[in-house]
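Data first, discussion second: the structure below is written as structure tokens.
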2 protein chains.
Amino acid sequence: MSTITIRDGLIVTQDAKRRILRGSVVIEDSVIASVGAKADKSDVVIDAGDRVVLPGLINMHTHVGMSMLRGMVPNDNLDVFLKKTSEFDSRNTKEMIEVSTLLGAEEMLMSGTTSFLDLYYSEDVIADAVAGTGLRAYLSWVALDEKFTTQKGVPIKNAEKFLKGYAGKPLVTPSVGLQGVYVCSKDTVSQAFDLAKKYDTIVHMHLSETMREVHDHAGKYGERPVAWMGKNGFLSDRLVAAHCVWLEDAEMIALAKAGATPVYNPISNARLGSGVADVKKMLKRRIHVAIGTDSTASNDNLDLLQDMKFGALINNLAPQDVLDMATVNAAKALRLDAGSIESGKKADIILLDRAGAFMSPTGTRNAVSNIVYAAEGRSVSISIIDGKVVLDGGVLLSKKFDGISEKAGRLAENLWASAK
Amino acid sequence: MSTITIRDGLIVTQDAKRRILRGSVVIEDSVIASVGAKADKSDVVIDAGDRVVLPGLINMHTHVGMSMLRGMVPNDNLDVFLKKTSEFDSRNTKEMIEVSTLLGAEEMLMSGTTSFLDLYYSEDVIADAVAGTGLRAYLSWVALDEKFTTQKGVPIKNAEKFLKGYAGKPLVTPSVGLQGVYVCSKDTVSQAFDLAKKYDTIVHMHLSETMREVHDHAGKYGERPVAWMGKNGFLSDRLVAAHCVWLEDAEMIALAKAGATPVYNPISNARLGSGVADVKKMLKRRIHVAIGTDSTASNDNLDLLQDMKFGALINNLAPQDVLDMATVNAAKALRLDAGSIESGKKADIILLDRAGAFMSPTGTRNAVSNIVYAAEGRSVSISIIDGKVVLDGGVLLSKKFDGISEKAGRLAENLWASAK
């Protein structure tokens, strides 16, 4: 058995009482063995006197396979954006997806994300690319009606092939994706939920992102997207729905009742002018909200701390609520036994440098506020995933990232040269 | 003569044509000698092949003397906020101001700020504390009516003493400050502008920050603050006015005509629920807008890159306009011969790591977008101020920062213990 002791930290546990403790965390293999108690000897001892110890952050909506598009798409609305990114997708090669994945994984790991939920095709390529980096990957193969796709083959069949082929691989959990009701018939949505039930996993989709999506859907089906989903039996705790910017009160109540998880993507929604999700009201309705970055094409970072700050600011949210979205709420939606620092939980833990210029001074009294409002990616000094140290002193330990940025630069130059 | 060559960089010049060049920048002593040309030998050669080279950022509104208040004041409105921070100010000691100043200077330098404009009392303590760090400091001693102040002595006299005592000190430029029309009579405002003229400097103040300030002023004087300033002859290119959230169109036109500089503080305004300054309209009116962080008490970082991203997002601004606010516009308002990379300008230059996970890939095509939307504090690898390297490899060279965060932690614990 391998053991790690994180000694003398300021521990933001995120347990049921949201306790903040001073003390040690002991990890045995991939699991947290004890919290707060004095520790015996360990294989590895981490002195956390200057650190805030908290559960790893969970990025609940992104598309890592597009990371190379950073800064390439101006602030257009979603329709123009999707036309441009879809043109890119049709030219995206296996090598480009691999490089984008590692670029995205690097940025997430360096800014405190320990798990992410992705939505794309070619999730097999993404799973293989991310393997060995130490990052925990939840990958949803996107399905949509055949007539709209840039994928080879039938999307829903590709999704099932991925679910079968990648079950049980370490740190990878496959799931089902849907692009959105604007390119998915009732039949496609139904097939996706059938698959999710068959393989006991989640359905991850875009939902009610723009006013246009909602109005077009209402015009075509006589019902707004979430209402339509409810009527057809698609709302459940398997549903993770990115954006949810345009919801009527009845739709919020339906999401809450079903135990579905909307994902707040405040930076992407602002960048594309989609609107501001009314998360304050969602929380009042006791909806289980998570938070995500979306892709670099509309963010332009995969640093969840940025979305936490921006999202708190534009909706005037309590820092504790935002930290919950990024940890316990997300873990519950993913059925991941993590998101808090408690004995028996998976050891997904990050350490923030509270003595650094960006967070100092931080004590018990302002720890949660400073995590949400003051921590930057650079504040993350150590990251432990599944009981293994993957980032130490702000430096990634996996060799997989070597030379990635140079490759990305070279591929991007080619891409730009061939673009109109 | 000492010389530095920054070789083979991607240079975002911010010159009149906003050219982006590949090439070298040569610095002779404190001044830029050439841009783009091949360089002969230099005392120091910096290889910038993986870097974006751009003018140092200018933080046009902050209160560094309050940095220790990070994360200590919840999201209250400005009235409650001012009550709390004023209570803190009355207990702020010289040591605490020194420590706060260095904490703030450290964070600014590490995130690409090369000049900052401060508004506070005790600017003499701040000037002495910041001396030797390498940061360029514009310090406005705040005046307000005697009956409202926590300062010892008469504020306007303190301001003049500071103007006299700190003229000509290296990297320090004293100026006059005003807290705001809610605690400054017409007489106080008039005295401040007289002082500014006498010492040929600027007046730096809070203006039209909250709806309440505007309504109270209109109720008392029959005129909104900016209109009232105009009527009394206080609008000129000497005026740097933080916030300007609540402006009517006629007030915008008056500010534009006078050549005054409003300072956009998007994060602080969101944190305190003050509103969103209509910068899009200001730019249409050809107002000369700058950008600032405000203090850690309402931000909670002094990383201007965050405000640039947040400010671009909530007003859907073009990245070039935002970069202009942080460089050329700010320099003009401060009468500082910097803000662009052109021969003859002061050598205030930063280098961003475009190969890092947070900015990659960056080329000519997306450089400005990635500076505004993707760069984080950690992207800043080198900072040169007045021709001297002050940050190298992300590490500050001044010894003045040693042990500051520990001191801040200790002082904060005392402060919190004594607070209710």
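Values below: every heavy atom of this structure, side chains too, minus hydrogens, waters and symmetry copies. Naming convention: chains lettered A, B, ... in sequence-line order (proteins, then strands); numbering from 1 in each chain.
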**Message:** So which residue, B:S369, B:S360, B:S405, B:G71, ends up with the most heavy-atom pairs under 4.5 Å with chain A?
**Reply:** B:S360
**Request:** Applying side chain to side chain donor-acceptor pair (under 3.5 Å), run through B:Q306 and A:Q306 and close with a yes or a no.
**Result:** CA-CA 9 Å; B:Q306 283 189 17; A:Q306 283 189 17; over 6 Å; no
**Item:** Interchain contact, B:L317 with chain A, by part (heavy-atom threshold 4.5 Å)
**Value:** backbone
**Prompt:** Between B:A412, B:S111, B:G377, B:P266, which has the largest tally of heavy atom pairs under 4.5 Å with chain A?
**Reply:** B:G377
**B:K284 atom NZ: more than 12 heavy-atom contacts under 6.0 Å** = no
**Prompt:** Would you call B:I267 and A:K309 a side-chain contact if the rule is heavy atoms closer than 4.5 Å?
**Reply:** yes
**Exam field: side chain A:D300 to backbone B:A374, donor-acceptor pair closer than 3.5 Å** = no
**Fill in**
Closest non-hydrogen atoms of A:R70 and B:M359, given as atom of the first, atom of the second and distance, are NE-C, 3.6 Å
**Asked** For the residue pair B:R378 and A:G394, what are the closest heavy atoms and their distance?
**Response** NH2-O, 4.3 Å
**Prompt:** Should we say atom NZ of A:K407 is surrounded by more than 12 heavy atoms from elsewhere, each under 6.0 Å from it?
**Reply:** no
**Request:** Check whether B:T362 gets within reach of chain A through its side chain, its backbone, both or neither, counting any heavy atom under 4.5 Å.
**Result:** backbone
**Asked** Would you say the side-chain atoms of A:R365 pair up with the backbone N or O of B:M72, donor to acceptor, closer than 3.5 Å?
**Response** no
**Prompt:** Can you find a heavy atom in the side chain of A:F358 that is under 4.5 Å from one in the side chain of B:M110?
**Reply:** yes
**Complete:** Residue from B:V372, B:N366, B:L69, B:V368 scoring the most non-hydrogen pairs under 4.5 Å with chain A is B:N366
**Message:** With a 4.5 Å cut-off on side-chain heavy atoms, are A:P361 and B:L411 touching?
**Reply:** no
**Request:** Heavy-atom distances under 4.5 Å only: say whether B:N301 touches chain A with side chain, backbone, both or neither.
**Result:** both
**Message:** At a heavy-atom distance under 4.5 Å, which candidate from B:D303, B:I404, B:I314 has the highest pair count against chain A?
**Reply:** B:D303
**Request:** Would you check if the side chain of A:R271 reaches a backbone N or O of B:L313 as a donor-acceptor pair within less than 3.5 Å?
**Result:** no
